[in-house]
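Below is one structure; the comments refer to it alone.
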Amino acid sequence: MGPDLKLTIDGNDSSAKVSAVKKYQVSYVDRYGYKLEIRANEARPVKFYDESDNNTYDLNSSLENR
């Protein structure tokens with residue numbers, strides 16, 4: 001997710017549209033009508049929710065993987 005709130009997954013642009021913006025969460029609707037959410041803390045995004053499979057995934061900073 002960039003400063004323009006465009007959703008990019010694994011380097012590929014997603015066609016998802018922003019549906020809501022809250023203090024620590026941005027919600028999207030993908031081309032199939034499923035909700036996608038990015039949840040953050042004060043510093044960075046920490047969770048990704050995908051309604052299509054009803055799963056929440058932890059997001060790790062690329063600096064943590066070094």
Side-chain angles (χ1 to χ4, degrees):
M1 180 176 68
D4 59 358
L5 301 181
K6 188 176 193 179
L7 184 63
T8 303
I9 300 174
D10 292 333
N12 298 310
D13 289 338
S14 168
S15 61
K17 304 290 183 202
V18 174
S19 63
V21 178
K22 298 179 184 174
K23 185 172 183 176
Y24 293 111
Q25 180 174 306
V26 179
S27 298
Y28 298 86
V29 176
D30 71 10
R31 62 182 168 184
Y32 303 108
Y34 289 107
K35 183 189 325 182
L36 306 171
E37 293 177 349
I38 303 292
R39 299 171 188 159
N41 60 24
E42 296 81 12
R44 63 177 187 81
V46 293
K47 301 277 184 188
F48 174 76
Y49 169 72
D50 184 350
E51 184 182 43
S52 69
D53 62 3
N54 195 31
N55 261 327
T56 300
Y57 303 93
D58 292 328
L59 299 176
N60 297 316
S61 167
S62 61
L63 297 176
E64 292 175 10
N65 296 328
R66 291 182 182 191

### Query
Does the side-chain contact (heavy atoms from CB on, under 4.5 Å) test come out yes or no for Thr8 and Asp13, once each step is laid out?
CA-CA 4 Å; Thr8 303; Asp13 289 338; 3.4 Å; yes
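- Looking only at side-chain heavy atoms (C-beta outward), Asp50 and Leu36 come within less than 4.5 Å of each other.
- By the 4.5 Å heavy-atom criterion applied to side chains, Lys35 and Val29 are not counted as neighbours.
- In this structure, NZ in Lys47 is found 13.0 Å from CD in Gln25, a value given to the nearest 0.5 Å.
- Residues Val18 and Tyr28 share a closest heavy-atom pair of CG2-CE2, 3.6 Å.
- Checked by atom type and distance alone, the side chain of Ser19 pairs as donor or acceptor with a backbone atom of Ser27 at under 3.5 Å.
- Between Leu7 and Ile38, the closest side-chain pair of non-hydrogen atoms falls below 4.5 Å.
- Other cluster members for Tyr34: Tyr32, joined by side-chain heavy-atom distances under 4.5 Å among Ile, Leu, Val, Met, Phe, Trp and Tyr.
- Under the side chain to side chain donor-acceptor pair (under 3.5 Å) criterion, Asn54 pairs with Tyr49, not counting sequence neighbours.
- Both Leu59 and Leu5 are assigned to one and the same hydrophobic cluster, defined by single-linkage of ILVMFWY side chains at heavy-atom distances under 4.5 Å.
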